[in-house]
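This report refers to the structure that appears directly beneath it.
These numbers come from a predicted model, not from an experiment. Below, each value reflects all heavy atoms present in this structure, side chains not excepted, and no hydrogens, waters or symmetry copies.
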Amino acid sequence: MQTENSNRSTLWASVLSDLRARIAADEFVDRFPTDRELMVHYGVSRHTVREAVRRLDTVDRRPRRGGRVRPVPTALEALIKTLRSLGVRTTTSTADIALHRTDSTVAAALGVGDTAPLLVTTAVLRADDRPLVVLETWQPLSASLPGDLAQRLLHEQPDPPVDPITQTTTPLAPDADVCGLLGLPEGRAVFCIEALLRINDTATVWQRAFIRPDRYPCLLQFAAG
(Lines give C-alpha, C1' and ligand atoms only; values in the text may rest on other atoms or scores of the structure.)
Protein backbone atom coordinates (compact mmCIF):
# COMPACT_ATOMS: atom_id res chain seq x y z
CA MET A 1 0.00 0.00 0.00
CA GLN A 2 1.07 3.56 -0.65
CA THR A 3 0.63 6.57 1.66
CA GLU A 4 -0.26 10.11 0.62
CA ASN A 5 2.68 12.52 0.41
CA SER A 6 3.53 15.81 -1.23
CA ASN A 7 4.36 14.22 -4.59
CA ARG A 8 0.81 13.75 -5.82
CA SER A 9 1.78 13.41 -9.47
CA THR A 10 3.90 10.36 -8.61
CA LEU A 11 1.05 8.89 -6.58
CA TRP A 12 -1.68 9.17 -9.22
CA ALA A 13 0.71 7.87 -11.89
CA SER A 14 1.51 4.87 -9.73
CA VAL A 15 -2.19 4.20 -9.06
CA LEU A 16 -2.94 4.60 -12.76
CA SER A 17 -0.23 2.12 -13.74
CA ASP A 18 -1.53 -0.46 -11.26
CA LEU A 19 -5.15 0.01 -12.36
CA ARG A 20 -4.20 -0.51 -15.99
CA ALA A 21 -2.41 -3.73 -15.07
CA ARG A 22 -5.43 -4.95 -13.12
CA ILE A 23 -7.78 -4.11 -16.01
CA ALA A 24 -5.51 -6.02 -18.42
CA ALA A 25 -5.72 -9.00 -16.06
CA ASP A 26 -9.56 -8.86 -16.22
CA GLU A 27 -9.83 -8.11 -12.51
CA PHE A 28 -12.78 -5.73 -12.96
CA VAL A 29 -14.95 -7.73 -15.35
CA ASP A 30 -18.10 -7.40 -13.24
CA ARG A 31 -17.60 -3.96 -11.70
CA PHE A 32 -15.03 -1.18 -11.37
CA PRO A 33 -14.52 0.04 -7.76
CA THR A 34 -15.87 3.28 -6.34
CA ASP A 35 -13.58 6.18 -5.41
CA ARG A 36 -13.88 5.28 -1.72
CA GLU A 37 -12.95 1.65 -2.34
CA LEU A 38 -9.89 2.74 -4.31
CA MET A 39 -8.93 5.24 -1.59
CA VAL A 40 -8.94 2.44 0.99
CA HIS A 41 -7.10 0.00 -1.26
CA TYR A 42 -4.28 2.39 -2.20
CA GLY A 43 -4.22 4.52 0.96
CA VAL A 44 -4.50 7.78 -0.97
CA SER A 45 -6.83 10.77 -1.17
CA ARG A 46 -9.93 11.13 -3.32
CA HIS A 47 -8.10 13.73 -5.42
CA THR A 48 -5.32 11.24 -6.23
CA VAL A 49 -7.83 8.51 -7.10
CA ARG A 50 -9.78 10.81 -9.41
CA GLU A 51 -6.61 12.04 -11.12
CA ALA A 52 -5.74 8.42 -11.94
CA VAL A 53 -9.22 7.23 -12.90
CA ARG A 54 -10.02 10.13 -15.22
CA ARG A 55 -7.11 9.00 -17.39
CA LEU A 56 -8.64 5.53 -17.81
CA ASP A 57 -10.51 6.07 -21.09
CA THR A 58 -11.82 2.50 -20.96
CA VAL A 59 -13.84 3.02 -17.76
CA ASP A 60 -17.40 4.38 -17.57
CA ARG A 61 -18.00 5.78 -14.08
CA ARG A 62 -21.30 5.71 -12.19
CA PRO A 63 -21.61 7.94 -9.09
CA ARG A 64 -21.45 5.95 -5.83
CA ARG A 65 -21.84 2.68 -7.73
CA GLY A 66 -18.37 2.15 -9.11
CA GLY A 67 -18.20 1.75 -12.86
CA ARG A 68 -17.80 -0.52 -15.85
CA VAL A 69 -14.75 -1.36 -17.92
CA ARG A 70 -15.62 -0.96 -21.59
CA PRO A 71 -14.66 -3.91 -23.81
CA VAL A 72 -11.94 -3.60 -26.43
CA PRO A 73 -13.41 -1.75 -29.44
CA THR A 74 -14.41 -3.82 -32.44
CA ALA A 75 -12.52 -3.37 -35.71
CA LEU A 76 -15.48 -1.41 -37.04
CA GLU A 77 -15.52 0.93 -34.02
CA ALA A 78 -11.78 1.52 -34.47
CA LEU A 79 -12.34 2.41 -38.13
CA ILE A 80 -15.09 4.91 -37.30
CA LYS A 81 -13.00 6.45 -34.51
CA THR A 82 -10.09 6.90 -36.94
CA LEU A 83 -12.32 8.54 -39.53
CA ARG A 84 -13.66 11.04 -37.05
CA SER A 85 -10.18 11.80 -35.70
CA LEU A 86 -9.25 12.70 -39.29
CA GLY A 87 -12.18 15.10 -39.48
CA VAL A 88 -14.22 12.94 -41.87
CA ARG A 89 -17.95 13.69 -41.68
CA THR A 90 -19.95 10.49 -41.24
CA THR A 91 -23.68 9.83 -41.53
CA THR A 92 -25.70 6.64 -41.22
CA SER A 93 -28.99 5.37 -42.59
CA THR A 94 -30.97 2.15 -42.40
CA ALA A 95 -31.17 0.50 -45.82
CA ASP A 96 -33.26 -2.61 -45.15
CA ILE A 97 -34.95 -4.71 -42.47
CA ALA A 98 -35.71 -8.33 -43.32
CA LEU A 99 -37.57 -10.89 -41.20
CA HIS A 100 -37.25 -14.66 -41.25
CA ARG A 101 -33.99 -14.93 -43.19
CA THR A 102 -31.92 -18.06 -42.64
CA ASP A 103 -28.18 -18.74 -42.83
CA SER A 104 -26.61 -21.94 -41.47
CA THR A 105 -23.22 -20.32 -40.75
CA VAL A 106 -24.76 -17.46 -38.80
CA ALA A 107 -27.19 -19.79 -37.05
CA ALA A 108 -24.31 -21.98 -35.84
CA ALA A 109 -22.46 -18.94 -34.48
CA LEU A 110 -25.60 -17.75 -32.66
CA GLY A 111 -26.30 -21.22 -31.29
CA VAL A 112 -29.69 -21.67 -32.95
CA GLY A 113 -31.01 -24.22 -35.44
CA ASP A 114 -30.04 -24.02 -39.13
CA THR A 115 -33.57 -23.10 -40.15
CA ALA A 116 -34.26 -20.70 -37.26
CA PRO A 117 -35.73 -17.42 -38.57
CA LEU A 118 -33.43 -14.44 -38.08
CA LEU A 119 -33.97 -10.69 -38.16
CA VAL A 120 -31.47 -8.96 -40.45
CA THR A 121 -31.01 -5.19 -40.51
CA THR A 122 -28.80 -3.42 -43.04
CA ALA A 123 -27.37 0.08 -42.64
CA VAL A 124 -24.96 2.24 -44.61
CA LEU A 125 -22.18 4.47 -43.30
CA ARG A 126 -21.34 7.38 -45.57
CA ALA A 127 -18.03 9.21 -45.17
CA ASP A 128 -18.02 12.73 -46.60
CA ASP A 129 -21.32 11.90 -48.37
CA ARG A 130 -19.95 8.81 -50.15
CA PRO A 131 -20.77 5.20 -49.12
CA LEU A 132 -17.98 3.46 -47.22
CA VAL A 133 -19.50 0.65 -45.12
CA VAL A 134 -22.54 -1.60 -45.50
CA LEU A 135 -23.34 -3.29 -42.20
CA GLU A 136 -25.60 -6.30 -41.68
CA THR A 137 -26.65 -7.46 -38.23
CA TRP A 138 -28.24 -10.88 -37.74
CA GLN A 139 -30.15 -11.68 -34.56
CA PRO A 140 -32.66 -14.29 -33.38
CA LEU A 141 -36.22 -13.00 -33.37
CA SER A 142 -36.29 -13.67 -29.62
CA ALA A 143 -33.40 -11.29 -28.91
CA SER A 144 -35.68 -8.22 -28.49
CA LEU A 145 -32.97 -5.81 -29.63
CA PRO A 146 -33.58 -2.41 -31.31
CA GLY A 147 -34.84 -2.63 -34.88
CA ASP A 148 -32.25 -0.07 -35.96
CA LEU A 149 -29.39 -2.03 -34.36
CA ALA A 150 -27.21 -1.94 -37.49
CA GLN A 151 -27.40 1.84 -37.62
CA ARG A 152 -26.63 2.11 -33.89
CA LEU A 153 -23.50 -0.01 -34.33
CA LEU A 154 -22.13 2.44 -36.90
CA HIS A 155 -21.04 4.78 -34.14
CA GLU A 156 -17.73 5.20 -32.34
CA GLN A 157 -19.38 4.20 -29.06
CA PRO A 158 -22.41 2.04 -29.89
CA ASP A 159 -25.56 2.16 -27.81
CA PRO A 160 -26.25 -0.44 -26.54
CA PRO A 161 -22.57 -1.25 -25.81
CA VAL A 162 -21.07 -4.31 -27.48
CA ASP A 163 -18.40 -6.83 -26.50
CA PRO A 164 -16.69 -8.68 -29.40
CA ILE A 165 -16.47 -12.44 -28.89
CA THR A 166 -14.84 -13.27 -32.24
CA GLN A 167 -13.70 -11.12 -35.18
CA THR A 168 -12.26 -11.94 -38.61
CA THR A 169 -11.43 -9.78 -41.62
CA THR A 170 -11.31 -11.27 -45.13
CA PRO A 171 -11.38 -9.97 -48.71
CA LEU A 172 -14.37 -11.10 -50.78
CA ALA A 173 -16.70 -10.11 -53.62
CA PRO A 174 -20.14 -9.36 -52.13
CA ASP A 175 -23.45 -9.81 -53.88
CA ALA A 176 -24.94 -7.25 -56.25
CA ASP A 177 -27.12 -5.64 -53.57
CA VAL A 178 -24.11 -4.83 -51.35
CA CYS A 179 -22.10 -3.60 -54.33
CA GLY A 180 -24.99 -1.34 -55.25
CA LEU A 181 -25.15 0.16 -51.76
CA LEU A 182 -21.39 0.74 -51.81
CA GLY A 183 -21.51 2.27 -55.29
CA LEU A 184 -19.22 -0.41 -56.70
CA PRO A 185 -19.52 -2.48 -59.88
CA GLU A 186 -20.66 -6.06 -59.31
CA GLY A 187 -17.78 -8.43 -58.63
CA ARG A 188 -15.48 -5.82 -57.06
CA ALA A 189 -13.65 -7.10 -53.96
CA VAL A 190 -14.13 -5.46 -50.55
CA PHE A 191 -13.04 -6.14 -46.97
CA CYS A 192 -15.56 -8.06 -44.87
CA ILE A 193 -15.39 -7.90 -41.07
CA GLU A 194 -17.44 -10.67 -39.49
CA ALA A 195 -17.93 -10.59 -35.74
CA LEU A 196 -19.94 -12.31 -33.06
CA LEU A 197 -20.97 -9.62 -30.58
CA ARG A 198 -22.45 -9.74 -27.11
CA ILE A 199 -25.00 -6.97 -26.58
CA ASN A 200 -25.78 -5.70 -23.07
CA ASP A 201 -24.12 -8.81 -21.62
CA THR A 202 -27.20 -10.87 -22.56
CA ALA A 203 -27.94 -11.22 -26.30
CA THR A 204 -25.58 -12.16 -29.13
CA VAL A 205 -25.70 -10.93 -32.72
CA TRP A 206 -23.73 -11.67 -35.87
CA GLN A 207 -22.28 -8.70 -37.71
CA ARG A 208 -21.05 -8.44 -41.30
CA ALA A 209 -19.43 -5.17 -42.33
CA PHE A 210 -18.52 -4.71 -46.01
CA ILE A 211 -15.94 -1.94 -46.43
CA ARG A 212 -14.79 -0.24 -49.62
CA PRO A 213 -10.99 -0.65 -49.78
CA ASP A 214 -10.38 2.25 -52.16
CA ARG A 215 -11.51 5.22 -50.07
CA TYR A 216 -8.80 5.35 -47.40
CA PRO A 217 -5.38 3.64 -47.04
CA CYS A 218 -5.26 0.86 -44.48
CA LEU A 219 -2.73 -1.48 -42.89
CA LEU A 220 -3.42 -5.19 -42.47
CA GLN A 221 -1.55 -7.56 -40.17
CA PHE A 222 -1.50 -11.24 -41.13
CA ALA A 223 -1.02 -14.02 -38.60
CA ALA A 224 -1.08 -17.79 -38.70
CA GLY A 225 -4.29 -19.43 -37.56
task: Report the C-alpha distance between Tyr216 and Thr82 in whole Å, list the side-chain angles of each, state the deciding distance to 0.1 Å, and finish with yes or no for side-chain contact (heavy atoms from CB on, under 4.5 Å).
output: CA-CA 11 Å; Tyr216 301 95; Thr82 299; over 6 Å; no
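- Linking Ile, Leu, Val, Met, Phe, Trp and Tyr residues whenever their side-chain heavy atoms come within less than 4.5 Å leaves Val120 and Leu153 in two separate clusters.
- Side chains of Ser17 and Ser14: a donor-acceptor N/O pair is absent below 3.5 angstrom, by distance only.
- In this structure, Met39 and Arg50 have side chains that are not in contact, with every pair of non-hydrogen atoms separated by 4.5 Å or more.
- Here side chain to side chain donor-acceptor pair (under 3.5 Å) pairs that include residues 172-198, with residues two or more places apart or in two chains, are Glu194-Arg208.
- Atoms CG and OG, from Leu38 and Ser45 in turn, are 12.0 Å apart once rounded to the nearest 0.5 Å.
- Rounding to the nearest 0.5 Å gives a distance of 12.0 Å between OG1 of Thr48 and CG of Leu16.
- Val134 is not connected to Val88 by any chain of hydrophobic side-chain contacts under 4.5 Å among Ile, Leu, Val, Met, Phe, Trp and Tyr, and they are in different clusters.
- Of all the heavy atoms in Val190 and Pro213, the pair that sits closest is CA-CD, 4.0 Å.
- Arg36 meets the side-chain contact (heavy atoms from CB on, under 4.5 Å) test with Thr34, Arg46; sequence neighbours excluded.
- Judged as a salt bridge (charged side-chain N to carboxylate O under 4.0 Å, His left out), and not counting sequence neighbours, the contacts of Arg89 are Asp129.
- With values rounded to the nearest 0.5 angstrom, Leu135 atom CG is found 9.5 Å from Ile193 atom CD1.
- Within the cation-pi definition used here (under 6.0 Å to the ring centroid, within 45° of the axis), Arg55 qualifies as a partner of Trp12.
- Checked against Ile199 for a side-chain contact (heavy atoms from CB on, under 4.5 Å), the options Asp163, Val205, Thr204 give a single hit: Val205.
- With rounding to the nearest 0.5 angstrom, the CD1 atom of Ile23 is 8.5 Å from the CZ atom of Arg20.
- Cluster membership check: Tyr42 shares its hydrophobic cluster with Val59, using side-chain heavy-atom separations under 4.5 Å among Ile, Leu, Val, Met, Phe, Trp and Tyr.
- Side-chain atoms of Val124 and Phe210, non-hydrogen and from C-beta on, never get closer than 4.5 Å to each other.
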task: Given salt bridge (Lys or Arg N to Asp or Glu O under 4.0 Å), test Lys81 with Glu77 step by step and report yes or no.
output: CA-CA 6 Å; Lys81 182 177 181 178; Glu77 288 174 66; over 6 Å; no
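- Contacts classified as side chain to side chain donor-acceptor pair (under 3.5 Å) and involving residues 107-128 (residues at least two apart or in different chains) are given here: Thr121-Thr137.
- You'll find the side chain of Leu118 reaches within 4.5 Å of the side chain of Leu110, heavy atoms only.
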task: Apply side-chain contact (heavy atoms from CB on, under 4.5 Å) to the pair Leu172 and Phe191, showing each step before the final yes or no.
output: CA-CA 6 Å; Leu172 57 75; Phe191 290 125; over 6 Å; no
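- Cluster membership check: Leu11 shares its hydrophobic cluster with Val15, using side-chain heavy-atom separations under 4.5 Å among Ile, Leu, Val, Met, Phe, Trp and Tyr.
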Which pairs would a plain distance check flag for residues 96-106, meaning a side-chain donor or acceptor within less than 3.5 Å of a matching protein atom at least two apart in sequence or in another chain?
residue, atom, partner, partner atom, Å
Asp103, OD1, Thr105, N, 2.9
Asp103, OD1, Val106, N, 3.0

message: Using the rule given for side-chain contact (heavy atoms from CB on, under 4.5 Å), can you reason through Leu154 versus Gln151, listing the C-alpha separation, both sets of side-chain angles and the distance that settles it, and then say yes or no?
response: CA-CA 5 Å; Leu154 288 173; Gln151 189 171 347; 5.6 Å; no
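- Considering OG1 of Thr169 and CD1 of Ile211, their distance stands at 7.0 Å, rounded to 0.5 Å.
- A donor-acceptor pair under 3.5 Å links the side-chain atoms of Gln167 to the main chain of Ala75, judged by distance alone.
- With values rounded to the nearest 0.5 angstrom, Leu79 atom CG is found 7.5 Å from Leu125 atom CG.
- Remark: Glu136 engages Trp138 in a side-chain hydrogen bond (donor to acceptor under 3.5 Å, both in side chains) (not counting sequence neighbours).
- Using a 4.5 Å cut-off between side-chain heavy atoms of Ile, Leu, Val, Met, Phe, Trp and Tyr, with links allowed through other members, Trp206 and Val162 fall into different hydrophobic clusters.
- In terms of heavy-atom proximity, Ala143 sits nearest to Ala203 at CB-CB, 4.4 Å.
- Pairing each heavy atom of Ala107 with each of Gly113, the nearest pair is CB-O, 3.4 Å.
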